[in-house]
Visitor: 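Once you've had a glance at the structure underneath, I'll fire off some questions.
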Amino acid sequence: MNELYLNGAFVAPEQARISVMDRGFLFGDGVYEVIPAYAGRPLREREHLQRLDNSLKGIGLAPPLSPPEWSLIFQRLLSSTPKADQALYLQVTRGVAPNRDHRFPSQPVPTVLAMTKPMKPRDLAVAERGVEAVTRDDIRWLRCDIKATALLAAVLLRQSAEEAGAEEAILVRDGLALEGSTSNLFIVREGRLVTPPKGPLLLAGITRDLVLELADVAGIPHVERNIEIQELRRADEVWISSSTREVMPVTRLDGALVGSGQPGPLWQRIDRCYQDFKADLRRAAA
Ligand code: PDD
């Protein structure tokens with residue numbers, strides 16, 4: 001397996017050691033990022049690192065590394081399989097403290113981890129048929145804008161979708177559909193793309209922003225506003241987006257067909273734009 005980066009050193013995964021007193025382990029006291037990389041080129045690296053900084057600020061932890069320092073780590077991790085598509089995973093925790101005490105240590109030394117995992121090639125069956133989603137009450141906390149490693153609620157929600165035979169759980173709070181358990185949400189209504197606005201109740205997805213930019217360039221009308229659950233159910237198209245899943249068409253929701261039950265025309269357009277964007281990134285690497 002590829003080496004990983006832990007606290008300043010590149011080591012084989014089986015050599016990597018973290019203390020049981022690490023607050024990431026004891027409290028889930030940390031934040032993370034997932035950055036897709038195509039042929040060794042991270043997609044939207046600057047934006048991901050900016051979001052990491054926002055998450056760190058959200059939990060009162062100073063950035064342990066600068067963007068150029070992160071970049072060097074990414075280059076080394078990605079260089080072992082330069083042609084492959086991989087996801088970079090980074091995690092920063094509040095480090096090891098002598099006692100299990102909820103209060104912050106006065107001088108935390110963060111634990112910093114970065115590693116890669118292979119990204120699955122695009123599943124053509126998904127493009128042809130779409131995926132199923134279910135709706136679930138959003139049982140997460142009120143700071144979903146922080147990409148926190150404390151993911152128990154998301155884990156339970158995603159598992160609940162899995163057990164219902166669905167790819168994703170779309171989360172509903174106070175009658176509003178906000179995002180998926182591991183993805184952002186888009187709907188299409190009367191030719192217009194709609195996604196909920198950024199705020200503390202959802203993660204500001206990097207793929208989400210890219211989709212809005214691509215929609216702009218393609219001349220697809222779009223708006224950021226709340227989506228009521230009834231509107232979700234009447235949508236012509238529903239999509240989910242994330243760094244590792246790109247943009248996926250949801251064609252069944254809680255067992256009912258979305259629109260025609262096929263991936264819709266606007267999804268076809270945005271997917272083409274997204275694939276072109278990736279191809280440009282790969283070409284720049286060649
Ligand atoms: N999750 N919303 C939530 C709750 C997420 O966990 C994610 C991504 C997104 C999409 O964000 P982005 O487009 O920046 O990947 C939205 C990652 C992939 C994960 O936890 O593995």
Side-chain angles (χ1 to χ4, degrees), residues 24 28 30-38 42-56 58 74 85-93 113-120 122 131 133-162 166-173 176-187 193 195-215 224 227 238-248 250 270-271 273-274 277-278 281:
V31 295
Y32 76 105
E33 272 299 322
V34 179
I35 311 177
Y38 299 97
L43 183 146
R44 302 254 143 150
E45 177 177 323
R46 186 165 42 88
E47 290 80 355
H48 278 279
L49 291 177
Q50 180 60 55
R51 186 173 66 185
L52 179 67
D53 269 8
N54 294 345
S55 295
L56 287 165
F74 300 162
D85 293 345
Q86 300 179 76
L88 289 158
Y89 176 84
L90 354 171
Q91 176 169 324
V92 181
T93 79
L113 166 71
M115 57 188 182
T116 56
K117 75 166 187 184
M119 256 193 317
K120 277 192 252 150
R122 216 164 115 72
V131 296
V134 288
T135 54
R136 292 286 181 264
D137 287 339
D138 193 350
I139 56 169
R140 304 172 305 166
W141 66 335
L142 300 175
R143 288 305 307 274
C144 297
D145 55 322
I146 298 175
K147 202 162 169 59
T149 57
L151 283 171
L152 188 53
V155 165
L156 296 177
L157 290 160
R158 178 80 171 82
Q159 182 61 23
S160 151
E162 177 74 17
E167 171 72 22
E168 183 58 299
I170 294 177
L171 308 180
V172 180
R173 200 193 289 260
L176 300 180
L178 294 167
E179 64 174 341
S181 67
T182 61
S183 57
N184 288 112
L185 173 68
F186 291 86
I187 64 166
L193 190 56
T195 194
K198 292 178 186 174
L201 299 184
L202 57 89
L203 185 74
I206 305 300
T207 320
R208 171 195 180 279
D209 285 354
L210 179 54
V211 166
L212 291 177
E213 270 179 53
L214 294 174
E224 294 173 65
I227 299 173
V238 175
W239 314 340
I240 52 172
S241 71
S242 88
S243 292
T244 45
R245 282 143 134 186
E246 307 182 350
V247 192
M248 274 188 184
V250 174
I270 219 70
D271 183 57
C273 298
Y274 199 91
F277 186 89
K278 274 168 49 183
L281 203 64

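Counting starts at 1 for both ligands and their atoms, in listed order.
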Visitor: Are any of the side-chain heavy atoms of Leu176 and Ile227 separated by less than 4.5 Å?
Guide: no

Visitor: Can you confirm, on distance only, whether ligand 1 has an N/O atom lying under 3.5 Å from any N/O atom belonging to Ser243?
Guide: yes

Visitor: For the residue pair Leu210 and Arg208, establish whether any side-chain heavy-atom pair is separated by less than 4.5 Å.
Guide: no

Visitor: Please list the nearest protein heavy atom to atom 2 (N) of ligand 1 with its residue and the distance rounded to 0.1 Å.
Guide: Glu179 OE1, 2.6 Å

Visitor: For atom 10 (C) of ligand 1, what's the nearest protein heavy atom and its distance?
Guide: Asn184 OD1, 3.5 Å

Visitor: At the 4.0 Å heavy-atom cut-off, does Glu246 count as touching ligand 1?
Guide: no

Visitor: Without swapping roles, check the side chain of Arg143 against the backbone of Pro200 for a donor-acceptor pair under 3.5 Å.
Guide: no

Visitor: May I ask whether Lys147 has any heavy atom positioned less than 4.0 angstrom from an atom of ligand 1?
Guide: yes

Visitor: Backbone or side chain, does any N or O of Tyr32 fall under 3.5 Å from an N or O of ligand 1?
Guide: yes

Visitor: Can you see whether Arg245 engages Thr182 through a side-chain donor-acceptor pair at a distance of less than 3.5 angstrom?
Guide: yes

Visitor: Does a donor on one side chain and an acceptor on the other come within less than 3.5 Å for Glu168 and Ser183?
Guide: yes

Visitor: Check ligand 1 against Arg140 and write out every atom of the ligand that is under 4.0 Å from a heavy-atom position of the residue.
Guide: 4 (C)

Visitor: Note the single closest protein heavy atom to atom 18 (C) of ligand 1, along with its residue, its atom name and the distance in Å.
Guide: Thr244 OG1, 4.0 Å

Visitor: Below 4.0 Å, non-hydrogen atoms only: which portion of Ser183 touches ligand 1? Side chain, backbone, both or neither.
Guide: backbone

Visitor: Within a distance under 4.0 Å of any heavy atom of Gly205, pick out the atoms of ligand 1 and give their elements.
Guide: 11 (O), 12 (P), 13 (O), 14 (O)

Visitor: What I want to know is whether Arg51 and ligand 1 share at least one N or O pair that is separated by under 3.5 angstrom.
Guide: yes

Visitor: Less than 3.5 Å between some nitrogen or oxygen of Thr207 and one of ligand 1, yes or no?
Guide: yes

Visitor: Does Ile206 reach ligand 1 with a nitrogen or oxygen that is under 3.5 Å from one of the ligand's nitrogen or oxygen atoms?
Guide: yes

Visitor: What is the closest protein heavy atom to atom 6 (O) of ligand 1, and at what distance does it sit?
Guide: Thr182 CA, 3.5 Å

Visitor: Please classify the Ser181 to ligand 1 contact at 4.0 Å (heavy-atom distances, strictly less than): side chain, backbone, both or neither.
Guide: backbone

Visitor: Run the salt-bridge test on Lys147 and Glu33 with the 4.0 Å N-O cut-off and return the result as yes or no.
Guide: no

Visitor: Classify the side-chain pair Tyr38/Lys278 by whether it contains a donor and acceptor separated by less than 3.5 Å.
Guide: no

Visitor: Can Tyr89 be said to touch ligand 1, with heavy atoms closer than 4.0 Å?
Guide: no

Visitor: Where is the tightest heavy-atom contact between Phe186 and Ser241, given as atom of each residue plus distance?
Guide: CE1-OG, 3.6 Å

Visitor: Looking at ligand 1, does any of its N/O atoms fall within less than 3.5 Å of an N/O of Arg208?
Guide: no

Visitor: Within the side chain of Thr149, is there an N or O that forms a donor-acceptor pair under 3.5 Å with the backbone of Gly30?
Guide: yes

Visitor: Suppose we measure from atom 21 (O) of ligand 1 to each protein heavy atom; which comes out shortest, and what is that distance?
Guide: Val34 CG2, 3.7 Å

Visitor: So does Ala87 get a backbone contact from the side chain of Thr116, meaning a donor-acceptor N/O pair under 3.5 Å?
Guide: no

Visitor: Under 4.0 Å between a side-chain nitrogen and a carboxylate oxygen: does that hold for Lys117 and Asp85?
Guide: no

